Enquirer: 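Take a look at the following structure, please.
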Amino acid sequence: MQMDIQFKHSDFTDENFSFAKADMVFVNSTCFDEQLMTILAEKAEHMKGGTYFISVTRRIPSANWDVVSCQRYAMNWGEAAVY
């Protein structure tokens, strides 16, 4: 099975793209404020069903997403929840 992976290093609030085609999105949201998490949740609303959204420290603030798993992992700054 072949997978195409795209890494994007940028400010997603400035980008003109949608997560609509993504199968998985990872964000290290440890330092994200409420406003940034809200913008992230709005973009995530356009993702297709079955998509995985992995977030460190903070879960996506949306009633449309179910937490499948939440575990704590050791990070270099201490322990953090991974949703």
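Computed from a predicted structure; not experimentally measured.
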Enquirer: Rounded to the nearest 0.5 Å, what's the gap from OG on Ser62 to CD on Glu45? Could you check?
Expert: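 One gets 3.5 Å once the value is rounded to the nearest 0.5 Å.
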
Enquirer: Just verifying a value: how many Å separate Leu40 CG and Ile60 CD1, rounded to the nearest 0.5 Å?
Expert: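 CD1 of Ile60 is found 4.5 Å from CG of Leu40.
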
Enquirer: Can you tell me how far the NZ atom of Lys48 sits from the CG atom of Asp23, to the nearest 0.5 Å?
Expert: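 Answer for the NZ-CG pair, Lys48 versus Asp23, is 4.0 Å.
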
Enquirer: If you count every heavy atom of other residues, nucleotides or ligands that lies below 6.0 Å from Glu79 atom CD, does the total exceed 12?
Expert: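 Yes, CD of Glu79 has more than 12 neighbouring heavy atoms, counting only those of other groups under 6.0 Å.
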
Enquirer: What's the separation between atom CD in Gln71 and atom OH in Tyr83, rounded to the nearest 0.5 Å?
Expert: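 With rounding to 0.5 Å, CD (Gln71) is 12.0 Å from OH (Tyr83).
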
Enquirer: Distance only, no hydrogens: is a donor on one side chain within 3.5 Å (strictly under) of an acceptor on the other, for Ser29 and Thr57?
Expert: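 No.
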
Enquirer: Working to the nearest 0.5 Å, report the span between CZ of Phe32 and OG1 of Thr38.
Expert: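 Here the rounded value is 12.0 Å.
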
Enquirer: When you look at Arg58 and Glu34, which way does the side-chain contact (heavy atoms from CB on, under 4.5 Å) test go after all the steps?
Expert: CA-CA 10 Å; Arg58 304 179 61 148; Glu34 292 299 320; 2.4 Å; yes

Enquirer: With heavy-atom distances below 4.5 Å as the criterion, would you say the side chains of Met75 and Val82 are in contact?
Expert: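 Touching, per the 4.5 Å side-chain cut-off.
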
Enquirer: What distance do Asp66 atom CG and Arg59 atom CZ have between them, rounded to the nearest 0.5 Å?
Expert: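 Result: 8.0 Å between the selected atoms.
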
Enquirer: Please check if the number of heavy atoms outside Tyr52 that lie under 6.0 Å from its OH is greater than 12.
Expert: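 Check fails, neighbour count at 12 or below.
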
Enquirer: Might you point out which heavy atoms bring His46 and Glu42 nearest each other, and give the distance in Å?
Expert: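 Heavy-atom minimum between the residues: CD2-O, 3.4 Å.
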
Enquirer: Which residue pairs satisfy the ring-ring contact (aromatic ring centres under 6.0 Å, His included) criterion with at least one member in residues 56-75, sequence neighbours excluded?
Expert: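 Residue pairs passing ring-ring contact (aromatic ring centres under 6.0 Å, His included), neighbours aside: Phe53-Trp65.
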
Enquirer: Between Met47 and Val25, does a side-chain contact (heavy atoms from CB on, under 4.5 Å) hold up when you go through it step by step?
Expert: CA-CA 10 Å; Met47 296 172 78; Val25 172; 3.4 Å; yes

Enquirer: Heavy-atom distance under 4.5 Å between the side chains of Val27 and Val56, does that happen here?
Expert: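 Not in contact.
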
